[in-house]
Structure formats: C-alpha cells, structure tokens
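Residue numbers count from 1 along this sequence. Below, all heavy atoms of this structure are taken into account, side chains as well, without hydrogens, waters or symmetry copies.
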Amino acid sequence: MTASDLHPPEAVLAGLDPEQRVAAAAISGPVCILAGAGTGKTRAITHRIAYAVRSGAAPADSVLALTFTARSAGELRTRLRALGAGGVQARTFHAAALRQLTYFAPRILGGPMPDVADSPIRWVSQAANRLRLRTDRAELRDLASEIDWAKSSLVGPEDYVRAAARANRGISLTPAKVAEVYAGYEEAKRRNNEIDFADLLLIMAGGIEENDQIAAMVRSQYRYFVVDEYQDVSPIQQRLLQAWLGDRDELCVVGDANQTIYSFAGARPTYLLDFPERYPTAQVVRLERDYRSTPQIVELANRLISAAAGQAAVKLTLIGQRAPGPAPTFAEYDDEIAEATSVASTAKKLIAAGTAASEIAILFRINAQSEAYEQALTDAGIPYVLRGGQKFFERPEVRQALVLLRGAARADDHELSMAATVVEVLGSLNWHPDHPPPGGAGRERWESLAALVNLAEQFAVEQPSATLDDLNSDLEQRAASQHAPTVQGVTLASLHSAKGLEWDAVFLVGLTDQTIPIQHATTPEQLAEERRLLYVGVTRARERLALSWALARNPGQARRRRPSRFLDGLRPGSGGGGQNSASKPKRTKVIPHSNDAATFGRLRAWRKKQADAQGVPAFVVFSDATLVAIADGAPADVDSLGRISGVGPTKLERYAEPVLAVLAGQDPEPVEVD
C-alpha cells in the first residue's frame, strides 16, 4: 500500500464548501477565483496547489505562488507544508525577482549583482540637493513614493509629467520638479552601482524578454503560477509575470476588486477585471460565502459597496455564514475627544466582559488621528499596539516641533498668545494652518502638527494664564504617559495597514467627509477607492462593528463637520433606512448637562489644587473628558467610580476619596502622591 493510498489526493478537497471545492479542483488552464472578504480564499488556493501537487498534475518545485507581503508568503508556505506540498515556492514578486536576478546578473548585467538600496530616500535627497530644492523628511518620503509609483506604472522621468496629469497625482512639488528629481535619482543610483526594488522586477523582466536562454531556463523551472491578491498587481509586476509565463496559460489568480485600495501605489484592478477577456477559456469561480463576519456586518458591507460605480461584471455579494450577532452601531459626537473617550470606554467594557484586548481594533483613515485614541486608551488603563505607524509623540515632525517649542520658551517675549506662539514656531517647519498639502506623507505631517496646535489651543482654554513653559511641561507629561507597555493590546491602525487582518470587535472612527473620502480624493476613481477602503474596514470585523464620527475637532468648537457621504443611506436618519433600531445615531455629550455643570466646575477646581500640589499639569491628574464623565455619571462609591473611562486602577487608588468628597459637595484638600 502506497502513501497515496493512505492519503489520496481527494482527501485535500474534504471540508471545502462547494465553490471552494470547484476552485481547488480546477488545476489546469487559466483560472480566476473572485473571492470576497472572509470567504476562505487562502484556504481555496492552498488546497488547489496541494491537490495539483499530490495528484501529480504539477511537481511541487515547478509551482510559484506569488503574493504581496512576506507575512502572506510565510502563511502560504506554512499551510502548504501542512497539506503535504512543502516543496512549493511561495514568495513575493520582489523576493522571487531578487533570487533570479542574483543568479542571472552576470548574463543580464554583465557583472556581479549590484547592491539593492535599502533606503532609496538617500538618493532622492541627493537628487533634490543637486537641484537646490529645500525638502524636509516628509517631502522626501512623498518624492520617494511618487518615484516608486512611476516605476511601478512603467513611467520613466521623461513621461512623468504627462502620466501624473492623467492620473491626477499631486504632492507639494510641481510635476516638472518631480520629474527632475526622478531623473537625478536614477543617475545617483547608477553612479553608486545600486538598484531599487522596482529595478529588480524591471531588469529581470527585460532579461527574460531579451535573452532566449534565460527565458528557457526560468520557464523550465516554473510552469504553474498562482497569484494572490491579484487586484493589487501593478504594471511592472504584470510585465514580469507575463515574462515568466511566456505563451503558456497555467495561471491561477485570486482577488477581489472591491478590496483594491493601493491604486495610489500603482495597483490596477483591471488585470483582474479583464482576466476572462485575456483568457477566453478561463474558468471563473466566485467565492461569496463569508465565514468571517456576522450576517449583520455582511449586510452593511454589501450595502456600502453596492453603491460603488463600475465593476458590475465581477460584483460579489457576500452571504453571511455565521450565527446572527449585534447590529452595527452608529454614533455621532460633538468632538474628537468625546468620540475617543467613548470608544475607549466601550472597549473597556468589552474587555471586562471577556473579549481579549488583542481582538479589538480601532481603525482610522490617517495615522495623525491616532493621538486622541492613544490618550483615551491610556487614560482608561487599556494597553494598545500601534500598527503601521509611529506613536504620535515619536513621529519625527512632532519630536522636532517639541524641540523648537522648548527653545522658544527660553526666548519667549510674551508678545503673542501661547497658541499664536505655537503657530509661529511651527511656521519655521513650513507649517501653515491654511495650507495643508494635498496628500501623502506631507499631509500626514501637516495633520500631526495641526494636532499640536489644537492641543495648545485646548490647553489655553483650560488654563488661560498658562505660559509656553507650562504647555511644554504638559506635552512632556503627555508623551511620557502615552508610552504604552509592549504587550498585546487593543490595535490602533490605519485602514490601509488593517488590510488582511480581522478582529472580533472593530471601531471605525473619524468617519467624516474630508477624512473619508480624504480631502484630496476628487476624481470618480479616487472616490471609488475611498469607498472601497471603508469597505475593507467594515469587513475586518467578525462580531461587533461600531462606526462613529465627530462634528468638531475640539470641545467648544463649532460643529461644522458632516458624516462621511459613504454613510448616507446606511446610518439611521440619513435616508434609505439603517441597521440600528434607533431612529437616529447615538449622540454623546462632551460638556456636562446644565445640572452637572456645577459639579464639573467643582471637580476642575479640585483638580487644579491637586495638580499644583504635585507640581504637574492638570491633565496628569484627570483629563477634562474624564471629569465630564465623572460629573455626568455621578458615581456614589469606589466601584462605580472605577467603571468610568479614564479612571484606571492607579488613579482610583490615589483620588477616589477626594473625588467622591467633591461629588458629595465637600472641598477636600489635595492628597499626597508618592
């Protein structure tokens, strides 16, 4: 009895649903698997590869499975080993190209393999300096990203201006200047015998196209190709894939056009959408059974994406397979502090009820939005992990601003108000309140510095007589308090960095127009991608989903913002119904009701005395948002006080007695703090 008798190839197909089974059994010819979020696409393609290998249709070492991240490639390899197909190569496009070019470099380049630039920014900086351009770190990142987009789109320096106009590209520099930097960047690499990651793909594709011997060797090695996340393929990747394939059609692609969110980096869903036209004999399989999310979340996702224009030919309608769960909630807040405080409070309740902190995520459109949530989680005593970005006070522009503010405090002549001084200081970093860049790293940097200005304005309202020294002390305390321990906690992440991940509970926050869709998204294509980005956020949630927005940035500011247009027809009261049983979105207050105002005032007076006694900013004792929650909740004992967001175990032990005394109408003396 042979091993195949004990473990027949058909055993690999066991446990797959009908559509997954069809996909896994389609082991020859062109195959296109349209797989919606949560439908088990990785399961389908790994079982397909394993079935092909174990049935003898494809030798393991002749299969090349391609994906876009090292993490995804590692997951594919792990699953394939478990299925008895451990000899299959699963790599990113760049890793596969690097391996091949390292071997073929003498034939293609006429010499040894050049170094691959680990940080192209240094060559971007050198090119900008030769042009006498004054650029900061954010602008250099934008230039590097723009050059990467151009190369991924097979656009050279000489064609950049026209291509940028067609694609509606935009950073702080003019397209003509970007083209000059691009040309200088290429020259700098040549002078230093380096190549970048895009060059790996371009050179390898060219080597196969131009050298029949190399083409024959590569194509004899790899004969069966599988491409995951095919909606994210760029022109340069498609060119290399076609070079690998030659005139063969043993290609299986899997993707979801509804999850195309990297067009800004060169990704083009048209390769997925047009696959049946390029391969008329292709077998197309649709995976629409969603095993990740509850039917309530699936319904919301379907309604959100159904409003997107185009893609009708490959439209996927998810079908929820899980047991019913709670309806997604919609909440509107007066300001961002209230929104963050409420989200942290709800997260705390979920954790107390048994949800692991690592199964909770707070997702936002831009990294600059993280600061309020970092602070709110810290106030609530909840550990967190910031994914795909630096903590607010660790960002280079924020650290630089803090240094300048400390220097300004030493030379402060008090001619301007504290907040106005902050604006003036940030002006030396080329920041202006009325001139935000159109997008990219420059916009992220602008938003971070704008957040500092808002912190200064809020501090000035709370302490009208405060000096710049006082503000700097407060900012230092904030920075220190926000260094959460390195443990598994609530995930803070941008929507882009959340792609491919999932959690039991997801909070989608800051859902206002001009944020999602982002302000610089103006064309129909850009707006459609912003909608898909929100769709990706919705489909990250397994059981609980909360969507929220704030009408102003800070307490007391005019509430001029409007909810994201993508929520029209979804949120209660916006037309088209909604999934919440309430007739309108939940509203929360950020200042006490009139009957709580006196209590709030007494709490602030006590806080000031306590902070003065400790020699720390008032914020360190309790934030305004926490005092509001205490005044509104009117806790009568230590246990109920401890359940209020922002009152962690340490603060409860320190301040429970005086806070309860204030609520009882007394005027306690400051307590001593070790």
Any residue meeting ring pair (Phe, Tyr, Trp, His ring centres under 6.0 Å) with Trp503, in chain and number order, not counting sequence neighbours: none
Sorted by chain and number, sequence neighbours left out, side-chain hydrogen bond (donor to acceptor under 3.5 Å, both in side chains) with Ser428 holds for none
Once rounded to the nearest 0.5 Å, what's the spacing between atom CG of Leu533 and atom CG of Leu495? 4.5 Å
Between Phe264 and His520, is the ring centroid distance below 6.0 Å? no
Not counting sequence neighbours, which residues clear side chain to side chain contact (heavy atoms under 4.5 Å, CB included) with Ala636? List them please. none
Determine the sole option in Asn367, Val385, Leu363, Leu377 for which the side chain to side chain contact (heavy atoms under 4.5 Å, CB included) test with Leu492 is passed. Leu377
pair Val638-Leu652: side-chain heavy atoms closer than 4.5 Å: yes
Is there a side-chain contact between Arg365 and Gln369 (heavy atoms, below 4.5 Å)? yes
Looking at side-chain heavy atoms only, is the closest gap between Asp334 and Arg559 below 4.5 Å? yes
Would you check if His496 and Tyr262 make a side-chain contact, meaning some heavy-atom pair closer than 4.5 Å? yes
For a side-chain contact (heavy atoms from CB on, under 4.5 Å) check, start with the C-alpha distance between Phe622 and Val659, then their side-chain angles and the critical distance, and finish with the verdict. CA-CA 11 Å; Phe622 283 120; Val659 167; 3.9 Å; yes
Just checking, is any N or O donor in the side chain of Glu476 or Asn472 under 3.5 Å from an acceptor N or O on the other one? no
Ser548 and Glu339 side chains, donor-acceptor separation under 3.5 Å: yes
Would you call Val423 and Trp431 a side-chain contact if the rule is heavy atoms closer than 4.5 Å? yes
From Asn302 atom CG to Ile305 atom CD1, the distance as rounded to the nearest 0.5 Å: 9.5 Å
Approximate separation, where rounding is to 0.5 Å, of Leu449 CG and His432 NE2: 13.5 Å
Within the side chain of Thr515, is there an N or O that forms a donor-acceptor pair under 3.5 Å with the backbone of Leu511? no
Between Gln296 and Pro324, is there a donor-acceptor pair closer than 3.5 Å when you use the side chain of the first and the backbone of the second? no
Output every pair passing salt bridge (charged side-chain N to carboxylate O under 4.0 Å, His left out) with a member in residues 495-510, not counting sequence neighbours, ordered by first then second residue. Glu229-Lys499, Arg292-Glu502, Glu502-Arg542, Asp504-Arg542
Above 12 or not: heavy atoms from other molecules or residues under 6.0 Å from CZ of Arg540? yes
With sequence neighbours excluded, what pairs up with Arg565 under the side-chain hydrogen bond (donor to acceptor under 3.5 Å, both in side chains) test? Asp513
Applying salt bridge (Lys or Arg N to Asp or Glu O under 4.0 Å), can you list everything that pairs with Glu457, at least two apart in sequence or on another chain? none
Can you check whether Gln519's main-chain N or O pairs, donor with acceptor, with Gln514's side chain at less than 3.5 Å? no
Worked verdict on Thr491 versus Tyr384 for side chain to side chain donor-acceptor pair (under 3.5 Å): CA-CA 6 Å; Thr491 299; Tyr384 65 88; over 6 Å; no
Taking side chain as C-beta onward, heavy atoms only, is Arg562 less than 4.5 Å from Asp568? yes
What distance separates Ser564 OG from Trp549 CH2, expressed to the nearest 0.5 Å? 9.5 Å
In the structure I gave you, are the side-chain heavy atoms of Val647 and Ile630 within less than 4.5 Å of one another anywhere? yes
Residues that Val398 engages under side chain to side chain contact (heavy atoms under 4.5 Å, CB included), provided they are two or more places apart: Phe392, Phe393, Arg395, Leu402, Ser448, Leu452
Once side-chain hydrogen bond (donor to acceptor under 3.5 Å, both in side chains) is applied, do any residues pair with Ser293, and if so which ones, sequence neighbours excluded? none
Quick one, Glu529 with Ser263, criterion side chain to side chain donor-acceptor pair (under 3.5 Å). Give me CA distance, side-chain angles, the key distance, then yes/no. CA-CA 8 Å; Glu529 180 138 333; Ser263 295; 2.5 Å; yes
I'd like to know if the side chain of Glu359 pairs up with that of Thr355 as donor and acceptor (distance under 3.5 Å, no hydrogens or angles considered). no
Heavy-atom side-chain contact between Leu501 and Arg71 under 4.5 Å: yes
Test log, rule salt bridge (charged side-chain N to carboxylate O under 4.0 Å, His left out), inputs Arg571 and Glu332: CA-CA 10 Å; Arg571 60 186 175 88; Glu332 182 176 280; 5.1 Å; no
CZ on Phe566 to CG on Leu304, rounded to 0.5 Å: 8.0 Å
From Thr260 OG1 over to Arg532 CZ, what is the distance, rounded to the nearest 0.5 angstrom? 5.0 Å
Partner residues of Glu336 under the side-chain hydrogen bond (donor to acceptor under 3.5 Å, both in side chains) criterion, sequence neighbours left out: Arg561
Option among Thr329, Leu508, Val506 that satisfies the side chain to side chain contact (heavy atoms under 4.5 Å, CB included) test with Leu547: Leu508
Are Lys608 and Asp612 within salt-bridge range, i.e. N to O under 4.0 Å? yes
If only side-chain N and O atoms count, and only distance matters, is there a donor-acceptor pair under 3.5 Å linking Thr69 with Ser72? yes
Show your reasoning for whether side chain to side chain donor-acceptor pair (under 3.5 Å) applies to Ser145 and Asp142. CA-CA 5 Å; Ser145 296; Asp142 279 347; 5.4 Å; no
Of all heavy-atom pairs between Thr539 and Ala301, which one has the smallest distance, and what is that distance? CG2-CB, 3.8 Å
Among residues at least two apart in sequence or on other chains, which ones pass side chain to side chain contact (heavy atoms under 4.5 Å, CB included) with Val671? Gln610, Tyr655, Pro658, Val673
By salt bridge (Lys or Arg N to Asp or Glu O under 4.0 Å) - contacts of Lys609 (at least two apart): Asp667
Can you list the residues that meet the side chain to side chain contact (heavy atoms under 4.5 Å, CB included) rule with Asn430, with sequence neighbours excluded? none
